[in-house]
Amino acid sequence: QVQLVESGGGLVQAGGSLRLSCTASGRIFNRYAVGWFRQAPGKEREFVAAINWSGGSVNYVNYADSVKGRFTISRDNAKNTVYLQMNSLKPEDTAVYYCAADANSRGKYPSASRSDYDYWGQGTQVTVSS
């Protein structure tokens with residue numbers, strides 16, 4: 001079983017930055033793909049970014065088009081933590097951000113599909129004011 005805890009959300013002005021953290025329990029977390037999703041009021045939960053270890057010296061990363069060039073996902077396996085650095089934030093980035101882990105992703109390009117993720121955190125609110 002994996003438990004995920006998000007942190008780092010808050011209120012920021014447009015153009016500002018935030019860094020979200022997703023910290024996990026479990027010894028084999030570094031073998032799982034980890035994704036960030038977000039859900040705005042009245043909208044479906046949507047993919048933001050994901051990362052997975054390739055099995056070699058690099059990580060695979062996957063980004064939604066809406067955040068490419070502004071958000072960066074990274075992981076620190078020693079800390080069992082995945083980060084989402086969010087720069088140049090826009091009001092439309094306002095949402096509850098969730099991290100999720102895909103337990104069946106070893107060595108694969110990380111999925112953008114919610115249904116592929118097995119474990120979810122409780123979410124952290126990000127509000128971007130105009």
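Sorted by first and then second residue, the disulfide bond (SG atoms under 2.5 Å apart) pairs with a member in residues 54-85 form an empty list; sequence neighbours excluded. Applying the salt bridge (charged side-chain N to carboxylate O under 4.0 Å, His left out) test to pairs two or more places apart or on separate chains, those with a residue in residues 70-81 are Arg70-Asp93. Listed by first and then second residue, the disulfide bond (SG atoms under 2.5 Å apart) pairs involving residues 47-123 are Cys22-Cys99 (not counting sequence neighbours). Applying the side-chain hydrogen bond (donor to acceptor under 3.5 Å, both in side chains) test to pairs two or more places apart or on separate chains, those with a residue in residues 4-21 are Ser17-Asn87. Applying the ring-ring contact (aromatic ring centres under 6.0 Å, His included) test to pairs two or more places apart or on separate chains, none has a residue in residues 53-83. Among residue pairs with one or both ends in residues 41-52, those qualifying as side-chain hydrogen bond (donor to acceptor under 3.5 Å, both in side chains) are Arg38-Glu46, Gln39-Arg45; sequence neighbours excluded. Identified under the ring-ring contact (aromatic ring centres under 6.0 Å, His included) test for residues 111-130, with sequence neighbours left out: Phe37-Tyr117, Phe37-Trp120. Applying the disulfide bond (SG atoms under 2.5 Å apart) test to every pair with at least one member in residues 33-75, sequence neighbours left out, gives no pairs at all.
Applying the side chain to side chain donor-acceptor pair (under 3.5 Å) rule to Ser111 yields the partners Asp116; only residues at least two apart in sequence or on another chain are considered. The side chain to side chain donor-acceptor pair (under 3.5 Å) test applied to Arg114 returns no partner, not counting sequence neighbours. For Asp102, there are no side chain to side chain donor-acceptor pair (under 3.5 Å) partners at least two apart in sequence or on another chain. Under the rule for a side chain to side chain donor-acceptor pair (under 3.5 Å), Ser130 has no partner lying at least two apart in sequence or in another chain.
Taking a 6.0 Å sphere around CD of Glu92, one finds it holds more than 12 heavy atoms contributed by other residues, nucleotides or ligands.
Side-chain polar atoms of Thr94 and Thr127 form no donor-acceptor pair below 3.5 angstrom.
Here the side chain of Asn80 pairs a donor or acceptor atom with the backbone of Ala24 at under 3.5 angstrom.
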